[in-house]
2 protein chains.
Amino acid sequence: MAGRRDHATLQTIASEIGVTPSTVSRVLNSASDSSARRWASADTIRRVRESAAAHGYSPDPQAVGLRTRRSNLIGVVVPRLQDYVLATIYEGIDEAARGEGFATLVTNSLDDPKKHELVVETLLSRRVEGLILGDAHIDGTYLDTVAERGVKFVLVSRRARDFISVTCDDHLGGRLVAEHLLATGRSNIAILAGEPYASTGIDRTQGAVDALRAAGVDVSADLVVHGPFDVQGGRQATERILSRHPLPDAIFATNDFAAIGAMGALRDRGITIPDDVALVGYNDTALAAALPVPLTTVRSPMHEIGRRGLALLLAMLRDEPVESQRLTPTLVIRESTGTGRRAPAPAPVTVRDESVPQRRDARGVCHTLAACLDPPG
Amino acid sequence: MAGRRDHATLQTIASEIGVTPSTVSRVLNSASDSSARRWASADTIRRVRESAAAHGYSPDPQAVGLRTRRSNLIGVVVPRLQDYVLATIYEGIDEAARGEGFATLVTNSLDDPKKHELVVETLLSRRVEGLILGDAHIDGTYLDTVAERGVKFVLVSRRARDFISVTCDDHLGGRLVAEHLLATGRSNIAILAGEPYASTGIDRTQGAVDALRAAGVDVSADLVVHGPFDVQGGRQATERILSRHPLPDAIFATNDFAAIGAMGALRDRGITIPDDVALVGYNDTALAAALPVPLTTVRSPMHEIGRRGLALLLAMLRDEPVESQRLTPTLVIRESTGTGRRAPAPAPVTVRDESVPQRRDARGVCHTLAACLDPPG
DNA sequence: CTGAAAGCGCTTACAG
DNA sequence: CTGAAAGCGCTTACAG
């Protein structure tokens with residue numbers, strides 16, 4: 001008798017108060033007493049509700065699902081739940097799902113396409129109504145099969161091809177970082193670009209490269225290093241850079257955890273932040289502000305990405321037209337790019353007019369290079 | 001038509017090959033062809049399997065569940081999935097569940113008893129067969145109600161009362177830390193004890209206090225500070241200690257993230273690790289080794305706790321007798337308690353015979369104070 | 001306002 | 001070896 005305890009059924013209530021299950025069902029499925037009056041007398045309604053409450057009745061989701069052909073289940077696939085960023089996005093998804101009467105089933109894919117396919121099949125065999133995928137590879141052809149089968153899904157965090165997605169504007173995020181570094185006098189910048197298949201790292205890197213190029217600064221291709229989005233990956237990528245090149249002005253880790261790994265590698269060589277090299281992370285995780293050297297980073301609305309992903313998927317399930325969403329990141333400046341301990345930053349050599357004051361917003365953030373170069377209002 | 005695509009049913013296959021759904025069901029539910037021979041001819045078996053494969057048939061879990069009165073669903077409640085430790089434990093749970101044909105439904109309770117009750121009700125209304133709870137409060141009376149209802153559950157990570165649990169031996173972990181600190185010459189120790197309702201922090205603290213007391217060292221009660229098990233909590237607890245007391249010899253943060261917070265607070269005051277103060281964390285998360293100052297910490301088998309929790313619950317569901325399990329932690333010594341930069345540690349003043357060499361294992365870990373005090377083999 | 005009936009997809013005695 | 005039937009708990013036309 002594995003585990004299932006006794007739950008009251010419609011029949012329990014029906015026979016207790018002397019009506020049929022049909023009536024009980026209709027009353028319990030009515031939003032309000034007044035709408036229930038279409039189906040039952042005031043007295044019946046009261047007695048149904050009382051009995052249901054007394055028994056702690058809740059409809060059997062398996063029976064409801066079988067009858068209505070719906071599961072109220074959403075499948076979620078993430079690279080790894082251990083990753084703070086994905087865990088936070090998932091929290092957003094689950095919270096929103098709960099609010100809409102859905103439950104979610106999550107699984108790790110470890111960014112392995114084979115495992116991804118496997119877990120998607122498992123999810124589908126559980127009859128999830130749709131999928132939210134946080135592990136898309138930018139050219140992921142394996143998404144085609146699931147799309148062709150008519151499965152509805154939305155991507156979160158990472159975009160891929162033309163599939164519907166909710167992302168942060170990672171290109172903008174990269175630009176904000178590069179412009180901040182330029183504004184503080186750095187132009188020789190190494191980038192920890194993350195996995196080559198993740199649009200997050202790709203776009204953040206490209207955004208930075210584009211902004212630098214717009215300022216006349218070229219990023220050396222071998223200062224752009226790929227690797228896992230975690231502490232270990234950041235450490236190794238940084239070690240690779242340090243072993244082959246003279247120390248750059250700044251390191252842009254496209255992930256906070258990679259930035260922490262970079263800190264470790266830098267410290268091993270006695271290199272201090274920000275005096276010897278500036279360091280920037282990405283995501284503004286809970287750690288960033290509390291690190292020994294507080295980390296300049298880009299805040300991305302992780303929780304909101306999850307919430308919106310769920311909302312978008314539900315819209316798709318209702319066959320409403322939907323469009324991809326791109327949320328806005330904000331730069332958060334802390335000591336790791338600190339100007340406090342450093343000689344006043346010279347303007348980047350490539351800027352044409354050094355006399356032009358930089359334009360910054362109220363938080364001291366210089367939002368676009370163009371704005372920085374424009375003469376003030 | 002929200003989302004559900006067409007799935008082949010037993011009827012699809014049955015009519016295709018000219019048998020009844022009963023036969024198809026029996027064949028498909030047979031483990032092997034030979035056992036299926038009890039139910040069908042070799043030819044029928046072959047044709048059923050072929051047709052099922054061609055259609056990508058998978059049984060509808062709602063129908064199966066309705067009929068068999070089982071959901072193959074396990075509910076999991078954690079304080080917060082954003083927490084690396086709980087996320088890792090959950091990965092262990094889900095992995096094991098998957099292997100046993102179960103799926104899991106996770107939710108955060110944020111350690112709020114009200115929310116806990118709410119999410120448990122939601123899980124139960126989804127007809128989970130049992131629960132794994134990672135958010136138990138040590139005297140949590142609210143577990144009684146669920147127990148009285150006959151719901152089977154096991155606790156993971158934290159123990160409470162006499163409920164079945166899978167934990168790490170936190171008392172031992174605390175002892176290992178204290179003995180290591182004593183062995184490196186520290187005896188004035190502050191403890192970031194975590195939330196007062198979590199057995200993890202309580203036991204780790206008690207283990208340390210007991211070991212110190214056994215060495216004749218008393219821990220001042222106001223050097224034991226409670227607070228959240230996260231970066232922010234660790235930072236605040238440390239600030240409280242620093243503002244009210246002279247600097248202790250060592251800080252034992254009963255959680256790695258709290259230790260990172262402590263690092264931040266120490267750095268703000270220009271206090272260096274390990275020269276001015278030693279710092280110890282707990283859990284050996286991926287961060288510990290890669291931090292600017294690599295963190296001495298205690299490794300706890302988080303993933304294994306999850307796996308075993310699931311195994312224990314399944315045993316309970318089969319009405320097998322089960323007992324709580326307590327897994328063994330190991331001390332991992334790194335620079336944050338480093339001896340390299342520090343004058344050779346004097347033996348703690350309270351140790352009776354200073355001439356007795358300390359006994360250590362191959363990894364340089366002194367496992368029990370008793371062992372340390374015994375003369376070598 | 002209420003009931004009787006069908007049926008979602010499955011499993012499993014009961015017959016043969 | 002195979003089928004016909006019942007029934008898990010629900011919802012929802014169809015009748016009245």
Side-chain angles (χ1 to χ4, degrees), chain A residues 1-31 33-48 52 55-72 125-127 129, chain B residues 1-31 33-48 52 55-72 125-127 129:
Chain A
M1 247 343 79
R4 182 181 280 248
R5 292 142 314 104
D6 293 325
H7 283 279
T9 68
L10 290 180
Q11 183 61 58
T12 315
I13 297 167
S15 46
E16 183 169 295
I17 68 177
V19 295
T20 58
S22 316
T23 300
V24 178
S25 171
R26 283 189 282 246
V27 170
L28 260 19
N29 284 322
S30 300
D33 278 8
S34 55
S35 62
R37 287 305 311 281
R38 278 187 61 193
W39 305 115
S41 69
D43 188 53
T44 302
I45 293 170
R46 186 182 49 75
R47 291 163 67 213
V48 165
H55 286 288
Y57 173 80
S58 74
D60 185 324
Q62 323 219 55
V64 173
L66 184 57
R67 176 62 228 232
T68 61
R69 321 286 23 243
R70 303 205 28 200
S71 64
N72 284 308
S125 75
R126 284 267 167 194
R127 303 303 194 262
E129 296 188 26
Chain B
M1 248 339 82
R4 182 180 281 249
R5 293 144 311 105
D6 293 326
H7 282 279
T9 67
L10 290 180
Q11 183 62 58
T12 315
I13 297 167
S15 46
E16 182 168 296
I17 68 176
V19 294
T20 59
S22 316
T23 300
V24 178
S25 172
R26 283 189 283 247
V27 169
L28 260 20
N29 284 321
S30 300
D33 278 7
S34 55
S35 61
R37 287 306 311 279
R38 279 187 61 193
W39 305 116
S41 70
D43 188 55
T44 302
I45 293 169
R46 186 183 49 76
R47 291 163 66 215
V48 165
H55 287 287
Y57 172 79
S58 74
D60 185 324
Q62 323 220 56
V64 173
L66 185 56
R67 176 63 226 234
T68 61
R69 321 285 26 242
R70 302 204 30 198
S71 64
N72 285 307
S125 76
R126 284 267 166 194
R127 303 304 194 262
E129 296 188 25

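Chain identifiers are assigned alphabetically (A, B, ...) following the order of the sequence lines, protein sequences preceding nucleic acid strands; residue numbering begins at 1 within each chain. Keep in mind that what you see is a predicted model, and the values were worked out from it rather than measured. Below, all heavy atoms of this structure are taken into account, side chains as well, without hydrogens, waters or symmetry copies.
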Between [N] atom [atom2] and [X] atom [atom1], what is the distance in whole Å?
X	N	atom1	atom2	answer
R38(A)	dT2(C)	CZ	P	14 Å
R67(A)	dG9(C)	CZ	P	11 Å
N29(A)	dT11(D)	CG	C1'	8 Å
N72(A)	dG9(D)	CG	C1'	16 Å
R69(B)	dC8(D)	CZ	P	9 Å
L28(A)	dC10(D)	CG	P	10 Å
R70(B)	dG9(C)	CZ	P	22 Å
Q62(A)	dC10(D)	CD	C1'	12 Å

Pairing residues for R46(B) by the side-chain hydrogen bond (donor to acceptor under 3.5 Å, both in side chains) criterion, not counting sequence neighbours:
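R46(B) satisfies side-chain hydrogen bond (donor to acceptor under 3.5 Å, both in side chains) with D43(B), E50(B) only.
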Using side-chain hydrogen bond (donor to acceptor under 3.5 Å, both in side chains) as the criterion, list what pairs up with S58(B), not counting sequence neighbours.
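S58(B) satisfies side-chain hydrogen bond (donor to acceptor under 3.5 Å, both in side chains) with R127(A) only.
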Residues from residues 9-21 of chain B sitting under 4.0 Å of DNA chain C, heavy atoms only?
T9(B), L10(B)
Picking from [options], which would you name as closest to the side chain of [X]?
X	options	answer
A40(B)	dC10(C), dT2(C), dT2(D)	dT2(D)
L66(A)	dC10(C), dG9(C), dT12(C)	dG9(C)
D60(B)	dC10(C), dC10(D), dG3(D)	dC10(C)

Using only side-chain N and O atoms of T23(B), determine if any of them is under 4.0 Å from OP1 or OP2 of dG3(D).
yes
If you compare all heavy atoms of [X] against all heavy atoms of [Y], which two are closest, and at what distance to 0.1 Å?
X	Y	result
I13(B)	H55(B)	CG1-CD2, 4.5 Å
A40(A)	I45(A)	O-CD1, 3.6 Å
A8(B)	Y57(B)	O-CD1, 3.2 Å
T44(B)	S41(B)	OG1-OG, 2.8 Å

Could you check if a side-chain atom of S71(B) sits within less than 4.5 angstrom of a side-chain atom of Q62(A), using non-hydrogen atoms only?
yes
Can you find a heavy atom in the side chain of V48(B) that is under 4.5 Å from one in the side chain of L28(B)?
yes
Atom pairs, N/O to N/O, protein against nucleotides 14-16 of chain C, distance under 3.5 Å?
none

Out of curiosity, R126(B) CZ to N72(A) CG, how far, rounded to the nearest 0.5 Å?
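Result: 5.5 Å between the selected atoms.
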How many angstroms lie between atom CG of D60(A) and atom OG1 of T9(A), to the nearest 0.5 angstrom?
9.5 Å
For residues 17-24 of chain B, which side-chain N or O atoms pair as donor and acceptor with protein atoms under 3.5 Å away, sequence neighbours left out?
none

Once you apply a heavy-atom cut-off of 4.0 Å, does S41(A) come out as touching a base, just sugar-phosphate, or nothing?
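The answer is sugar-phosphate, as S41(A) gets under 4.0 Å only of primed atoms, P, OP1 or OP2.
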Nearest-nucleotide comparison on DNA chain D, the residue closer to the 5′ end among T44(B) and V64(A):
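Closer to the 5' end of DNA chain D: T44(B).
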By nearest-heavy-atom nucleotide on DNA chain D, the more 5' of S22(B) and S22(A) is S22(B)
Is there, by distance only and without an angle test, a donor paired with an acceptor across the side chain of S25(B) and the base of dT12(C) below 3.5 Å?
no
Under a cut-off of 3.5 Å for both distances of each Watson-Crick or G-U pair, what dot-bracket string does DNA chain D give, using [ ] for crossing pairs and | for inter-strand pairs?
|||.||||||||.|||
